[in-house]
A.B. asks: 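Mind having a look at this structure? Questions to follow.
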Protein chains: 2
Amino acid sequence: MATLTAAQRRQQDRAAYDAFLAACPARKVLERISDKWVTLVLAALGDGPKRYRDLTRIIAGASQKMLTQTLRALERDGLVARTVTAEVPVRVDYELTELGRSLHAVVRQLKDWAECHIAEIEQARTAYDS
Amino acid sequence: MATLTAAQRRQQDRAAYDAFLAACPARKVLERISDKWVTLVLAALGDGPKRYRDLTRIIAGASQKMLTQTLRALERDGLVARTVTAEVPVRVDYELTELGRSLHAVVRQLKDWAECHIAEIEQARTAYDS
DNA sequence: CTGCATCCTGCGAGATACTG
DNA sequence: CAGTATCTCGCAGGATGCAG
């Protein structure tokens with residue numbers, strides 16, 4: 001039928017909006033850095049290349065699965081470079097690319113804002129909770 | 001017993017790291033704006049106050065539950081102000097606070113970076129996928 | 001050391017229905 | 001109009017075991 005129920009209509013709008021968001025550059029980047037571990041990896045690699053093992057130690061909270069998954073995603077996006085050295089045992093180094101360092105800089109802006117305004121937020125929270 | 005298995009040790013490290021992250025201001029703010037709808041609400045309110053109904057229309061992808069939840073969270077953090085007018089029917093307006101506008105500015109920085117570098121990322125992706 | 005494959009669980013988010 | 005309450009379900013992410 002040509003007419004739709006309100007529910008169907010809403011679902012269509014939902015889908016259209018999702019498609020719209022999927023095409024938005026800002027959204028793509030935001031979703032990338034929104035990942036729990038991405039910014040931590042950026043920070044860890046911020047001061048020079050690191051081996052896989054080093055990263056597991058530095059970012060103690062990440063499971064191996066998540067760390068690998070994060071690194072793969074960052075590599076795919078050209079933010080991190082992966083270098084395999086055929087020693088025994090194998091050695092794999094990760095480092096930020098130019099693009100990665102650029103993004104890292106933006107994230108630091110965010111960090112600066114956070115440290116500058118977190119007190120206001122906390123204050124608002126306790127005020128709200130009472 | 002005093003000694004722990006490797007698995008237990010890892011779990012402890014995990015917990016400690018989580019606690020560390022929980023205390024990090026940058027992380028708190030990042031998790032706030034990481035929420036799928038937060039930045040959209042910031043953007044929607046960026047050009048003046050809006051009624052609840054307006055927001056549901058502007059952000060067509062958000063379910064009512066998510067929109068309300070998002071607005072409550074932002075209000076709690078002092079980023080958005082909620083004003084109830086006792087008309088019939090009830091009228092509720094939302095607008096960015098000073099703090100909210102400040103955060104919005106930072107998010108726009110991120111958006112600018114995204115629009116400036118998205119091409120490189122897309123390019124890296126297609127290169128990686130082949 | 002550096003990973004991939006599999007299984008399993010908890011929680012977030014949508015759908016739906018009701019209220020002031 | 002502006003929400004709240006409840007139920008259900010998919011899937012992100014942890015645990016574990018195996019491989020090059």
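Per chain, numbering begins at 1; letters A, B, ... match sequence-line order. Given the structure is predicted, the values throughout are model-derived calculations rather than measurements.
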A.B. asks: Look up atom CG in A/Leu42 and atom CZ in A/Arg32, then write down how far apart they are to the nearest 0.5 Å.
C.D. replies: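 Here the rounded value is 10.0 Å.
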A.B. asks: Has B/Arg10 got a side-chain N or O lying under 4.0 Å from the OP1 or OP2 atom of D/dG14?
C.D. replies: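 Checking D/dG14 against B/Arg10, no side-chain N or O comes under 4.0 Å of OP1 or OP2.
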A.B. asks: Any ion pair linking B/Asp93 and B/Lys50 (charged N to carboxylate O, less than 4.0 Å)?
C.D. replies: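 Looking at B/Asp93 together with B/Lys50, the answer is no, because their closest N to O distance does not fall below 4.0 Å.
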A.B. asks: Restricting both atoms to N or O, compile the protein contacts to nucleotides 5-13 of chain C shorter than 3.5 Å, with distance only.
C.D. replies:
residue	atom	partner	partner atom	Å
C/dA13	N7	B/Lys65	NZ	3.3

A.B. asks: Measure CZ/A/Arg51 against P/C/dG3 and give the value in whole Å, please.
C.D. replies: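 Atom CZ in A/Arg51 sits about 10 Å away from atom P in C/dG3.
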A.B. asks: Quick check on DNA chain D: between B/Arg57 and B/Thr68, whose nearest nucleotide comes earlier from the 5' end?
C.D. replies: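 It is B/Arg57 whose nearest nucleotide is closer to the 5' end.
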A.B. asks: Can you tell me the distance, in whole Å, between the CZ atom of B/Arg9 and the C1' atom of D/dA15?
C.D. replies: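 Taking atom C1' of D/dA15 as the reference, CZ of B/Arg9 is at 19 Å.
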A.B. asks: What pairs of residues pass the side chain to side chain donor-acceptor pair (under 3.5 Å) test when at least one of them lies in residues 58-68 of chain B, not counting sequence neighbours?
C.D. replies: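 Residue pairs with at least one partner in residues 58-68 of chain B: B/Tyr52-B/Thr68.
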A.B. asks: Using a cut-off of 4.0 Å on non-hydrogen atoms, how would the nucleic acid contact of B/Arg72 be classed: base, sugar-phosphate, or nothing?
C.D. replies: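 Sugar-phosphate contact only - B/Arg72 comes under 4.0 Å of backbone atoms but never of a base.
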A.B. asks: Distance check needed: D/dA2 P versus B/Glu75 CD, whole Å only.
C.D. replies: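 Value for this atom pair: 14 Å.
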A.B. asks: Between C/dG3 atom P and A/Leu71 atom CG, what is the distance in whole Å?
C.D. replies: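 Roughly 8 Å, once rounded to whole Å.
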A.B. asks: Quick one: does any side-chain atom of B/Arg14 pair with a main-chain N or O of A/Gly61 as donor and acceptor, under 3.5 Å?
C.D. replies: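 A pair under 3.5 Å: yes.
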A.B. asks: Specify the residue among A/Arg53 and A/Arg14 whose closest nucleotide of DNA chain C lies further upstream toward the 5′ end.
C.D. replies: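 On the 5' side of the pair lies A/Arg53.
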A.B. asks: How long is the line joining CD of B/Gln11 and P of D/dG13, in whole Å?
C.D. replies: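 Atom-to-atom, B/Gln11 to D/dG13, this comes out as 18 Å.
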A.B. asks: Can you list, in residue-number order, the parts of residues 80-95 of chain A that come under 4.0 Å of DNA chain C, counting heavy atoms only?
C.D. replies: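 By residue number: A/Arg82, A/Pro89, A/Val90, A/Val92, A/Tyr94.
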A.B. asks: Apply side-chain contact (heavy atoms from CB on, under 4.5 Å) to A/Asp112 and list each qualifying residue two or more places apart in sequence or on a separate chain.
C.D. replies: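 A/Asp112 satisfies side-chain contact (heavy atoms from CB on, under 4.5 Å) with A/Glu115 once adjacent residues are dropped.
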A.B. asks: Atom CG of A/Leu55 and atom P of C/dG3: how far apart are they, to the nearest Å?
C.D. replies: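 For the pair A/Leu55 CG and C/dG3 P, the rounded distance is 10 Å.
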A.B. asks: Please identify each residue that fulfils ring-ring contact (aromatic ring centres under 6.0 Å, His included) with B/Tyr128, with sequence neighbours left out.
C.D. replies: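 For B/Tyr128 there are no ring-ring contact (aromatic ring centres under 6.0 Å, His included) partners, ignoring immediate neighbours.
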A.B. asks: Could you tell me the separation between the OH atom of A/Tyr52 and the P atom of C/dC1, rounded to a whole number of Å?
C.D. replies: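 Between P of C/dC1 and OH of A/Tyr52: 11 Å.
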A.B. asks: Taking only residues two or more places apart in sequence, or in another chain, which ones meet B/Glu98 in a salt bridge (charged side-chain N to carboxylate O under 4.0 Å, His left out)?
C.D. replies: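 Listed in chain order: B/Arg101.
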A.B. asks: Would you say CD of A/Gln123 has more than 12 non-hydrogen atoms from neighbouring residues, nucleotides or ligands within 6.0 angstrom?
C.D. replies: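 Atom CD in A/Gln123 is not packed in, count stays at 12 or less.
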A.B. asks: Take the protein atom CG of B/Asp54 and the nucleotide atom P of D/dG3, then report the distance between them rounded to whole Å.
C.D. replies: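 Going from B/Asp54 (CG) to D/dG3 (P), I get 12 Å.
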A.B. asks: Mark yes when over 12 heavy atoms from residues, nucleotides or ligands other than B/Glu122 sit less than 6.0 Å from its CD; otherwise mark no.
C.D. replies: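 Result for CD/B/Glu122: enclosed.
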